[in-house]
Amino acid sequence: MPELPEVETVVRTLAPAIAGRRIESAQFTSKFVTPGDREALAANVAGRTVRGVRRHGKFILIELDEGSTLSVHLGMTGRLLVNSAKTAHTYGVFRLDDQSVLHYDDPRQFGRIEWSPARVARLGPDALGIPLEAFLIALRKRSSRIKPLLLNQSFLAGLGNIYVDEALFRAGIRPLAIASRVSRKRAMDLHAAIQELLTLAIAHGGSSISDYVDADGKKGGFQNLHQVYGREGEPCVRCGAPIRKTVVVQRGTHYCAKCQKS
DNA sequence: TGGAATGTTCGGCT
DNA sequence: AAGCCGAACATTCC
């Protein structure tokens, strides 16, 4: 479910529901989602008050008392839902002091709920708001292919498979182009494309491809505005040529062979 | 039935 | 040493 726009939408819908609330109790029931001592984690969370909810890349950071932070990564199919019905894949339950309940659901269990994990510290700058110059300098230093690089969360945090394909299309760059060899002009276009794309996607509540919903259970609408992702064989919105689909680093990759250059 | 799905990590190799 | 690649994690859906 989750790339930066979806995670941001979850944060925005979650924050008003839980900020200022005291967590009466927590319960975790998946050894994958909550590795290690689940009961200790639950005990640590219980009794604390939610000071705020933030995001870095695809991580949701729930700030608790005394500067402590609970991090939630939604993986592929994770959901944080306020006052939803429990399902067969509910692996986290938070009871709040206003009698509301926050559920963490995740069929594939690729998501993680952890206490200030080290991997948050290893994240690169957030994709939304990275300064142009910093982006240009970082790109010039890398000899790897542009798509894998943009998917690398320690390089840039927040983009995933959908938004990388969409951003590269908007900037006219092939997914396999070498990062350091992208012209300054196209690199500037890519930076602008990423900012515009993420901003627009957030305004539409994110993309609901299969089962993404926000904390209130509402779907996003940005999937209707995708220009290449999920449009294999359909005409390019710019030139009319059919959108192609290949595999790059084990991920489905969509692009227009005519509009995107190496 | 096999393959693909919005993600990340790890081991092995170069 | 850094970077690339494939496999693995668990489940659902077509």
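Note on naming: letters A, B, ... go to the chains in the order of the sequence lines (proteins, then strands), and numbering restarts at 1 for each one. Only a predicted model underlies this, so the values are computations on that prediction, with no experimental measurement involved.
With the nearest nucleotide of DNA chain C identified for both D106(A) and V249(A), V249(A) has the one nearer the 5' end. Nearest-nucleotide positions on DNA chain C place S144(A) closer to the 5' end than the other of S144(A) and H89(A).
Put simply, CD on E232(A) is 14 Å from C1' on dA5(B), counting in whole angstrom units. The distance between atom CD1 of I146(A) and atom P of dC4(C), rounded to the nearest whole Å, is 12 Å. Atom pair R112(A):CZ and dA10(C):C1' shows a separation of 10 Å (rounding to whole Å applied). Summarising the geometry, the separation between CD on E3(A) and C1' on dT6(B) is reported as 5 Å, rounded to the nearest angstrom. The distance between atom CD1 of I113(A) and atom C1' of dG7(B), rounded to the nearest whole Å, is 16 Å. The interatomic distance linking Y212(A) (OH) with dT12(C) (P) rounds to 22 Å, in whole Å. Rounded to a whole Å, the CG atom of L149(A) is 9 Å from the P atom of dG3(C). For the pair R108(A) CZ and dT6(B) P, the interatomic distance rounds to 9 Å; values are reported in whole Å.
Summarising the local packing, CZ of R21(A) is surrounded by more than 12 heavy atoms from other residues, nucleotides or ligands at distances under 6.0 Å.
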For DNA chain B, just give me the dot-bracket, please: Watson-Crick or G-U, both distances below 3.5 Å, ( ) intra-strand, [ ] crossing earlier pairs, | paired with another strand, . unpaired. .||||.||||||||
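G206(A) comes within 4.0 angstrom of no nucleic acid atom, judged by non-hydrogen atoms across all strands.
Comparing the P positions of dA7(C) and dG3(B) gives an interatomic distance of 12 Å, to the nearest angstrom.
Looking at V72(A) and Y104(A), their side chains come closer than 4.5 Å, going by heavy atoms from C-beta outward. Annotation: side chain of Y229(A) is in contact with side chain of N161(A) (closest heavy-atom distance under 4.5 Å). Residues L198(A) and L159(A) are in side-chain contact: their nearest non-hydrogen atoms beyond the backbone lie under 4.5 Å apart.
Here the side chain of R142(A) is nearest to one of dT6(B), dA10(C), dG3(C), namely dG3(C). Side-chain atoms of P107(A) lie closest to dT12(C) of the nucleotides dT12(C), dA10(C), dT6(B).
Checking the phosphate oxygens (OP1, OP2) of dG3(B), no side-chain nitrogen or oxygen of K245(A) falls inside 4.0 Å.
Ring geometry, F222(A) versus Y163(A): the interplanar angle falls under 30°, so the pair is classed parallel (tilted spans 30 to 60°).
Salt bridge status for K147(A) with D165(A): present, with a side-chain N to carboxylate O gap under 4.0 Å.
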Could you run down nucleotides 8-14 of chain B 5' to 3' and tag each one B, S or - for protein heavy-atom contact under 4.0 Å? BS-----
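Checking L197(A), L149(A), L151(A), I146(A) one by one against V164(A), the side-chain contact (heavy atoms from CB on, under 4.5 Å) holds for a single residue, L151(A).
R174(A) contributes a side-chain N or O that, together with a main-chain N or O of A257(A), makes up a donor-acceptor pair within less than 3.5 Å.
Taking the ring axis of F169(A) as reference, the NZ or CZ atom of R238(A) stays within 45° of it and closer than 6.0 Å to the ring centre.
Checked against the 6.0 Å centroid criterion, the rings of F94(A) and F28(A) qualify as a close aromatic pair.
The ring of F32(A) does not lie on top of the base of dC9(C); it is either too far (5.5 Å or more) or too tilted (30° or more).
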